[in-house]
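Let me begin by presenting the structure, written as C-alpha cells, before commenting on it.
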Amino acid sequence: MPHPATLAGAETDGFWREFASRHWEKQPLSLPAAPVQLDIGDDELLRALVLAADKANRPKGSGLPRVVVTVDGRTQPIDTRPFLPLPEDRSLDDYTARVDERMRDHEWSVAVSGLHAVHAPLWDRAKRLSDDVYRYTGTRVAGRVDIDTFIGRYTSTNVGVHVDHAGNFGFTLRGRKLLLTWPPAHAGQVPQHTSDYASARDLAEVLVGVPGALTYFPSEQLHVGESPDAVAVNVNIAFFTRSDPAALVIDAVAGLLARTPADEAGTGAHAPDGIPAAAAATLTALADLSGGEVEDAVWEHHMRSVTSGGLGVGRPAGSPVAIARDARVRTHEDTVLRQRLLTDGRRAVATQGHTLKVADHPQVEAAVTALIAGDTIDLADWERRADSAAVPLLHAVLLRLWTWRAIDVEAAVPAPAQQMESLR
C-alpha cells in the first residue's frame, strides 16, 4: 500500500491520491497551501548555490550543476560568478538584494539546474518527491529527474512560452511568481519562443507561486513564468518524460573508450586522406570490447538512474567513518540496492546513484542479498561465521554505503546494559 514519505498523515495521503488521479500528466494544479513541501531552508539553498558556483564540486562527467544567467531576456556569455552568492552574502536575502541592486535598471534571472549533484540534502528531497510520485502514480519517467532553482525579477521567462517535456513541481521561497500555462491543444493559438504572448493571455490557466504554495503542470503543457515587480526565488523538481533510447548504450561505451589514451595534436592528427591515428586507436579499442564488458557498463549507467529515483547522479558523499565491528546495519528507508557479478570477476554493488566494485566472495554476495531483502546484519555475529577473506570486503562495501547514506548503523548495546536487560 502506498505510504507518504513527505509528511505523515491522512492529509498527505489524500493529496497524493487525488493528485495521481486528477493531475499527474493530465492538468495543472495550483494550491495556495499544500500538505507536501520540500522544506528547504534559506541556508540550505544558499549553501547549494555556493557549492554550484565552484566547478571543482561538480561530479566528473555529469555536467551538473548548470548555471544560466540572463539580463534583459538575453543569456549572458559572461562570468556568472557575480550572479551567484559571494562570501559577503550572509543570507539568501543578502544575496538576492545585492544582485538586484547591481541590476536595478535591468531585468535579470539566474537558473541553476542539477543542484542535487552537489548538495546532499537537496538530493534527498528530490529523491523523496520522486519516490512519492512513483508510489502513487506507478510511473518512473523515461528521462531524468532534476531539482533546480530559478531566481530573479523579470517580465517573462527569457525564452518566452515554451514546452520543456517535463512535468514540473514548483515551490516558492521568496516573492510571487506567476506561471501561465496552456494545454497542447492551444499550441496553434499561443505565440511561442517570444515574450509577446499577450494575445493568448486570456486562454491561460494561471498558477500562483508564493511561499507555502505548490504549483504543478504536466510535461506537454506550454508555459511561461512572470515575476516583474520583485525578486522571486523558486525551487522546482522536473520530471523529464523523454529520453534517447540509444543514449544509455552510447554513454556506457563512451566511458569504456575513454580509457584509450588521447592523441596529441601533431602532423598526423589531420589525416586528410584517411582515418586519424587517434580515431583508429579508438576503433581498435571498440572492436576489442567484449559483449560482457559493454553489458556491465550499460548496467552500471542504468543503475545510476534506478537507484537514485531518476536523478542520474550519485548522492554527494559524506565523510567516511569507520563502522564498528559489533554494529548492526540495515538499508536506509527507501534505499534501492542492487548487485551484479561482472565479466571481470568482480562484484558490483549499486545504490544512491553510485557503484562500487570489489573482489567477489559468496559471503559478501549473501550479505548484500540480505540487505536488499531488508534484513538487519549483526556484524559481530556475521564475522564469527564468515571466512576471513570476506570480512574486509564486506567492511569496504559497508563503509561506502555508509558515506552514501544507503544504510543505517546501530551501535551495539554495551555489555552492562545487556546484562541488566537479561535480569528483567
Side-chain angles (χ1 to χ4, degrees), residues 3 5 59 120 123-124 127-128 130-131 134-135 140 248 252 255-256 290-412:
H3 60 91
W123 193 99
D124 291 338
K127 182 177 182 295
R128 185 176 63 190
S130 177
D131 288 345
Y134 175 64
R135 285 190 188 96
R140 288 286 191 196
L248 180 63
L256 293 173
S290 70
E293 285 181 286
V294 174
E295 287 184 11
D296 288 343
V298 171
W299 178 86
E300 181 177 348
H301 277 65
H302 184 48
M303 287 301 107
R304 291 179 189 171
S305 177
V306 169
T307 65
S308 67
L311 294 171
V313 65
R315 182 185 191 273
S319 300
V321 178
I323 297 175
R325 300 182 73 163
D326 58 353
R328 292 161 56 86
V329 298
R330 67 182 66 83
T331 53
H332 188 69
E333 181 184 12
D334 296 326
T335 294
V336 177
L337 183 63
R338 298 287 186 268
Q339 64 177 329
R340 176 185 176 92
L341 180 62
L342 302 175
T343 301
D344 64 9
R346 293 181 296 169
R347 179 156 299 278
V349 180
T351 189
Q352 302 284 77
H354 296 278
T355 300
L356 71 137
K357 299 164 187 174
V358 296
D360 188 36
H361 193 290
Q363 291 176 334
V364 173
E365 177 189 8
V368 174
T369 299
L371 289 173
I372 292 173
D375 297 341
T376 297
I377 297 178
D378 184 314
L379 291 179
D381 180 62
W382 183 87
E383 284 195 22
R384 281 192 291 271
R385 296 179 286 105
D387 181 83
S388 60
V391 174
L393 293 175
L394 181 63
H395 274 275
V397 170
L398 294 178
L399 179 62
R400 299 292 288 278
L401 299 189
W402 180 229
T403 65
W404 299 332
R405 198 172 175 248
I407 55 173
D408 294 323
V409 178
E410 177 185 340

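FYI, the numbering just counts along the sequence from 1.
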Identify, with sequence neighbours excluded, every residue that meets side-chain hydrogen bond (donor to acceptor under 3.5 Å, both in side chains) alongside Gln339.
Arg347, Thr369
side-chain contact (heavy atoms from CB on, under 4.5 Å) against Ala366, all qualifying residues, sequence neighbours excluded
none
Any sub-3.5 Å donor-acceptor pair from Trp123's side-chain atoms to Val313's backbone N or O?
yes
Of all residues at least two apart in sequence or in a different chain, which pass the side-chain hydrogen bond (donor to acceptor under 3.5 Å, both in side chains) check with Arg330?
Thr376, Glu410
Under the rule for side-chain contact (heavy atoms from CB on, under 4.5 Å), what residues qualify as partners of Ala359, not counting sequence neighbours?
Leu393
Under the ring-ring contact (aromatic ring centres under 6.0 Å, His included) test, which residues partner Trp404, sequence neighbours left out?
His354
Qualifying ring-ring contact (aromatic ring centres under 6.0 Å, His included) pairs with a residue from residues 376-396, counting only residues at least two apart or across chains
none
Please check this pair: side chain of Ser308 against backbone of Gly312, looking for a donor-acceptor N/O pair closer than 3.5 Å.
yes
Residues two or more places apart in sequence or in another chain: which of them pass side-chain contact (heavy atoms from CB on, under 4.5 Å) with His301?
Leu248, Asp251, Ala252, Arg304
Could you tell me whether a side-chain N or O of Asp360 sits under 3.5 Å from a main-chain N or O of Gly345, the two making a donor and an acceptor?
no
Hey, does the side chain of Lys127 reach the backbone of Asp334 with a donor-acceptor pair shorter than 3.5 angstrom?
yes
Run the salt bridge (charged side-chain N to carboxylate O under 4.0 Å, His left out) test against Asp381 and tell me which residues pass, sequence neighbours left out.
Arg384, Arg385
Donor-acceptor pair, Ser130 side chain versus Gly309 backbone, under 3.5 Å?
yes
Is the side chain of Glu293 donor-acceptor paired with the backbone N or O of Ser290 at a distance under 3.5 Å, no angle test?
yes
Take Asp124 and Arg405 through the side-chain contact (heavy atoms from CB on, under 4.5 Å) test and state the conclusion after the steps.
CA-CA 10 Å; Asp124 291 338; Arg405 198 172 175 248; 3.2 Å; yes
With sequence neighbours left out, the residues meeting side-chain hydrogen bond (donor to acceptor under 3.5 Å, both in side chains) with Asp408 are His332
Pairing residues for Ala120 by the side-chain contact (heavy atoms from CB on, under 4.5 Å) criterion, not counting sequence neighbours:
Arg315, Pro316
Rounded to the nearest 0.5 Å, what separates atom CZ in Arg346 from atom CZ in Arg340?
13.0 Å
Do the side chain of Thr307 and the main chain of Gly353 share a donor and acceptor less than 3.5 angstrom apart?
yes
Among residues at least two apart in sequence or on other chains, which ones pass side-chain hydrogen bond (donor to acceptor under 3.5 Å, both in side chains) with Thr355?
none
